[in-house]
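Worksheet: the structure to be examined is printed underneath.
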Number of protein chains: 2
Amino acid sequence: MSKGQQTRAAILTEALRAASVEGFQGISIGMLADRLKMSKSGLFAHFGSKEELEKALLDEAAQRFMETVWQPAMKAPRGRPRIEVLFRSWLGWSLNHEDLPGGCLFVALASEVDDKPGPVRDHLAELQNQWQAMLTRSAHIAVQEGHFRSDLDPRQFAYDLQGIFLAMNYYRRLLRDATAVERAEDSFRSLIERALPLH
Amino acid sequence: MSKGQQTRAAILTEALRAASVEGFQGISIGMLADRLKMSKSGLFAHFGSKEELEKALLDEAAQRFMETVWQPAMKAPRGRPRIEVLFRSWLGWSLNHEDLPGGCLFVALASEVDDKPGPVRDHLAELQNQWQAMLTRSAHIAVQEGHFRSDLDPRQFAYDLQGIFLAMNYYRRLLRDATAVERAEDSFRSLIERALPLH
DNA sequence: TGACTTAACGAACGGTCGTTCCTAAAATTT
DNA sequence: AAATTTTAGGAACGACCGTTCGTTAAGTCA
């Protein structure tokens, strides 16, 4: 890896941390340059504009998300076991204080960009649409495998799962409620139970 | 109402709209002054600092929320009917495009301030803690009235309800999913069904 | 080692930020 | 109508924003 790529990676890692805490609006070229002990212009040159930096951050976050959340789930057996892993590694992603001290970056950005037309909003929305599609597909597979009820609506399952995750984030980060994760796990258990075939 | 109070109210209404779209970070004294066709300093004088403006906005939003969401629910009969009204007026609050074109202000602000210690964060967190307490108490009353199962955990009920609301917001505002409200209503129906006593 | 490319810096730009201070106009009270 | 208080405006402040440019230093490769 060349010097430039190294620096770029270091910038992205630091910017990811900062953005999870402060959002895109809250990070500035000057602040990142300070933290990395380099000049504004030197840092700036790696991206050409702040918007390009933001797009690069979304790409970097998406890649890490896939590694941290999706890939472990794909190693698990299809159906219910995969969904169990999926949910737990998803929680783990959001609790990783080292890389994302401000919690899940996508949640932090959602409200910020949802009314700002442009490539950044488009990019984030596409990523999150894909994520809902992955959740939906995983639930559908669990139906096919006979693990879940045949009349289960996989899209509604994905919606409910997203709600559990968002509530966890909300309770933990804004309300500072120590039981947030526990409550999320309870809700998840209940969601799974309702998805099981009657017997 | 004196001239000053009138102007102040107009500022708050406009700032509320702007903040629901752009967050607190995204609104500036200059931008609000432009929209209201007055000078920066003239507008500024009503609050003395941007932080005071933000606190005033939280107060204003909280008051409107109570009027829009809570008071209609308190007029409904205790127990399940009240919770039904509560949920629907809550949805209505968030869908009121006139006053809050960016959706629920509290959701828009949650991620922004959750890592920023200070009076604004404290204020928002307190408001939202109170809201969870109101939801919890409402569920508890429904248990007392015999509408809900006696072994229902009212706190978990509030958590799940919050999740449904947050997922609705997320689907509607970021993903621009037209079925968001419908899905929220489905999830709500399911939540109520699970809360009912066995018969 | 020498030629060439890449990476980083420093200084400066126009703009906007929140904020201050002083003045003028308008609203309110006497 | 006069006196006084309230409300709004204008100009300027230092700080920081994203960005540009020209130059130097470091890295890469023949």
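Below, read A as the first sequence line, B as the second, and so on, with proteins coming before strands; counting in each chain starts at 1.
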Kindly write out the residues that satisfy side-chain hydrogen bond (donor to acceptor under 3.5 Å, both in side chains) with Asp59(A), not counting sequence neighbours, or none if the list is empty.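 His123(A).
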By side-chain hydrogen bond (donor to acceptor under 3.5 Å, both in side chains) - contacts of Arg80(B) (at least two apart):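 For Arg80(B) the side-chain hydrogen bond (donor to acceptor under 3.5 Å, both in side chains) partners, ignoring immediate neighbours, are Glu84(B).
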Write down the distance between CD (Gln25(B)) and P (dG18(C)), rounded to a whole number of angstrom.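 Taking atom P of dG18(C) as the reference, CD of Gln25(B) is at 11 Å.
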Without decimals, in angstroms, what is the distance between Met31(B) CE and dC17(C) P?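 After rounding, the gap between these two atoms is 9 Å.
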Side chain to side chain donor-acceptor pair (under 3.5 Å): pairs with one or both residues in residues 154-164 of chain B, sequence neighbours excluded: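 Found Arg183(A)-Gln156(B), Ser187(A)-Gln156(B), Ser187(A)-Asp160(B), Gln132(B)-Gln162(B).
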Please identify the 5'-most and 3'-most nucleotides of DNA chain D with any atom under 4.0 angstrom from a heavy atom of chain B.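 Terminal contacting nucleotides, 5' to 3': dT7(D) to dG10(D).
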Have a look at the helix from dT1(C)-dA30(D) to dT30(C)-dA1(D) and give the angle its two end axes make, five pairs each, rounded to 10 degrees.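 Here the local axes at opposite ends form an angle of 20°.
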Between [N] and [X], is there an OP1 or OP2 to side-chain N/O distance shorter than 4.0 Å?
{"X": "Lys50(B)", "N": "dG18(C)", "result": "yes"}
{"X": "Ser2(A)", "N": "dA7(C)", "result": "yes"}
{"X": "Thr7(A)", "N": "dA7(C)", "result": "no"}

Using a 3.5 Å cut-off and no angle test, enumerate the donor-acceptor pairs between side-chain atoms of residues 26-42 of chain A and protein atoms at least two apart in sequence or in another chain.
residue  : atom : partner  : partner atom : Å
Ser28(A) : OG   : Met31(A) : N            : 3.1
Ser39(A) : OG   : Gly42(A) : N            : 3.0

Minimum heavy-atom distance between Ser138(A) and Leu86(A), given as atom pair plus value: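 Residues Ser138(A) and Leu86(A), closest heavy atoms: OG-CD2, 3.8 Å.
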Residues Arg173(A), Asp115(B): salt bridge by 4.0 Å N-O rule: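 A salt bridge is present here (some side-chain N lies under 4.0 Å from a carboxylate O).
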For the residue pair Arg194(A) and Ser190(A), confirm or rule out a side-chain donor-acceptor distance under 3.5 Å.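 Judged by distance alone, the side chains do pair up.
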With sequence neighbours excluded, tell me which residues meet salt bridge (Lys or Arg N to Asp or Glu O under 4.0 Å) with [X].
{"X": "Asp186(B)", "result": "Arg189(B)"}
{"X": "Arg176(B)", "result": "none"}
{"X": "Arg78(B)", "result": "Glu145(B)"}
{"X": "Arg64(B)", "result": "Glu60(B)"}

With DNA chain C as reference, determine whether Met1(B) or Gly30(B) sits nearer its 5' end, using the nearest nucleotide of each.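 Going by which nucleotide is closer to the 5' end, it is Gly30(B).
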Does Leu53(A) reach a base, just sugar-phosphate, or nothing at all? Heavy atoms under 4.0 Å.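 It contacts nothing in the nucleic acid.
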Using a 4.0 Å cut-off on heavy atoms, which residues in residues 33-48 of chain B reach DNA chain C? List them by number, or say none.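 Those residues are Lys40(B), Ser41(B), Phe44(B).
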I need the residues from residues 8-21 of chain B with at least one non-hydrogen atom less than 4.0 Å from DNA chain C; give them sorted by number, or say none.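 Heavy-atom cutoff 4.0 Å gives no residues at all.
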Check the orientation of Phe188(B) and Phe87(B). Use parallel for under 30°, tilted for 30 to 60°, and perpendicular for over 60°.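 Phe188(B) and Phe87(B): parallel rings.
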Working to the nearest 0.5 angstrom, can you tell me the gap between Lys116(A) NZ and Gln25(A) CD?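 Rounded to the nearest 0.5 Å, the NZ-CD separation comes to 3.5 Å.
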